[in-house]
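Note that the numbering runs from 1 along the sequence shown for the chain. Note that the structure is predicted; figures quoted are calculated from it, not measured.
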Amino acid sequence: KVMMPKEKKLFQMAVSSRNNSGFTLVEILLYISFYGLVMALLIPCAEGIIKVDNRLEMEGFCQRLAAEVTALQQAALWGAGLQNKLTVDLDQQCYYVYREGKIVKKVRLHEIGQGSLYFYSPNTSIIRFSAEGAPQVYFSVLIKNRRQPQLVKKFEVQPVTGRVVVSEIKSAGIYVD
């Protein structure tokens, strides 16, 4: 069918006015539904990544603290026992490492990783080793995470042997190695 010039002009006006009017309702609904679907898939993945990050941050800190305790124990075996110690300060949320009676290291928990770790209720805040490498007292501290409150680790140094044990505390109070 051949269009008359007047009909052709009306058709062109209809097409050009549609192009200048923006998105149609169907296009907007498709965009919103697609965006919603993508977010529904990404949010659980992001939450899982954050939980893994929190757990790795805490485990890394526990390994670091265990290395400090082991180094103090080794120094005690080489004759620098009571002069070397590790002290936990709850008020400052940090720990100090003393060598030969002087502070050689101060580690603040808020400076580690995301800054979400903190010490909670230690039984003994100072650990020293005898010349045989045994701790003088039982040392225990809980380490918690502000972003994931159910994630709690118990860091302890066993009496007599000096073995470092890091246990995860479940919500029911059960310890798991």
Side-chain angles (χ1 to χ4, degrees), residues 38-177:
V38 168
M39 292 308 293
L41 294 174
L42 288 181
I43 288 175
C45 292
E47 289 173 354
I49 290 170
I50 290 170
K51 284 182 180 179
V52 168
D53 181 49
N54 290 340
R55 182 172 301 283
L56 289 175
E57 179 182 6
M58 185 170 283
E59 288 174 3
F61 174 71
C62 289
Q63 287 177 353
R64 180 178 179 176
L65 191 57
E68 297 282 4
V69 169
T70 303
L72 288 172
Q73 189 176 22
Q74 293 296 319
L77 290 170
W78 289 98
L82 299 178
Q83 300 168 344
N84 297 343
K85 64 182 178 180
L86 184 132
T87 305
V88 174
D89 187 346
L90 284 179
D91 296 329
Q92 299 276 329
Q93 285 298 306
C94 65
Y95 70 85
Y96 301 94
V97 176
Y98 292 83
R99 297 220 189 260
E100 298 177 10
K102 297 177 184 172
I103 297 175
V104 294
K105 190 182 288 188
K106 177 180 180 179
V107 178
R108 293 188 173 131
L109 267 64
H110 71 275
E111 295 173 353
I112 296 172
Q114 303 288 326
S116 61
L117 300 179
Y118 66 99
F119 287 125
Y120 181 75
S121 85
N123 295 333
T124 306
S125 60
I126 299 173
I127 184 167
R128 292 183 175 141
F129 292 93
S130 67
E132 294 82 30
Q136 286 188 321
V137 294
Y138 172 76
F139 180 82
S140 170
V141 67
L142 296 180
I143 303 165
K144 292 187 171 187
N145 191 312
R146 286 183 179 85
R147 290 181 294 166
Q148 196 174 346
Q150 69 275 14
L151 183 60
V152 180
K153 296 271 187 180
K154 183 178 183 184
F155 183 92
E156 57 188 332
V157 180
Q158 299 291 322
V160 182
T161 63
R163 180 175 174 244
V164 175
V165 178
V166 179
S167 307
E168 185 171 332
I169 298 178
K170 300 290 183 180
S171 59
I174 300 169
Y175 297 105
V176 178
D177 275 340

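Residue-environment remark: NZ (Lys106) exceeds the threshold of 12 foreign heavy atoms within 6.0 Å.
Listed by chain and residue number, Arg99 satisfy the side chain to side chain contact (heavy atoms under 4.5 Å, CB included) test with Ala71 (two or more places apart in sequence, or in another chain). Every side chain to side chain contact (heavy atoms under 4.5 Å, CB included) that Gln158 has, sequence neighbours left out, goes to Glu156, Thr161, Arg163, Val165.
Contact of the Arg147 side chain with the Glu57 side chain is registered, since non-hydrogen atoms from C-beta on lie closer than 4.5 Å.
The CG atom of Asp89 lies 9.5 Å from the CZ atom of Phe119; values are rounded to the nearest 0.5 Å. The OH atom of Tyr96 sits 11.5 Å away from atom CG of Leu86, with the distance rounded to the nearest 0.5 Å.
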Practice item. Test side-chain contact (heavy atoms from CB on, under 4.5 Å) on Gln93 and Arg108 and set out the steps. Key: CA-CA 6 Å; Gln93 285 298 306; Arg108 293 188 173 131; over 6 Å; no
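Within the cation-pi definition used here (under 6.0 Å to the ring centroid, within 45° of the axis), Lys144 does not qualify as a partner of Tyr118.
Leu117 and Phe61 get closest at one heavy-atom pair: CD1-CB, 3.7 Å. Of all non-hydrogen atoms in Tyr138 and Pro159, the two that sit nearest each other are CD1-CD, 3.6 Å. Between Met58 and Leu151, the closest heavy-atom pair is CE-O, 3.7 Å.
Sorted by first and then second residue, the salt bridge (Lys or Arg N to Asp or Glu O under 4.0 Å) pairs with a member in residues 62-73 read Glu68-Lys105; sequence neighbours excluded.
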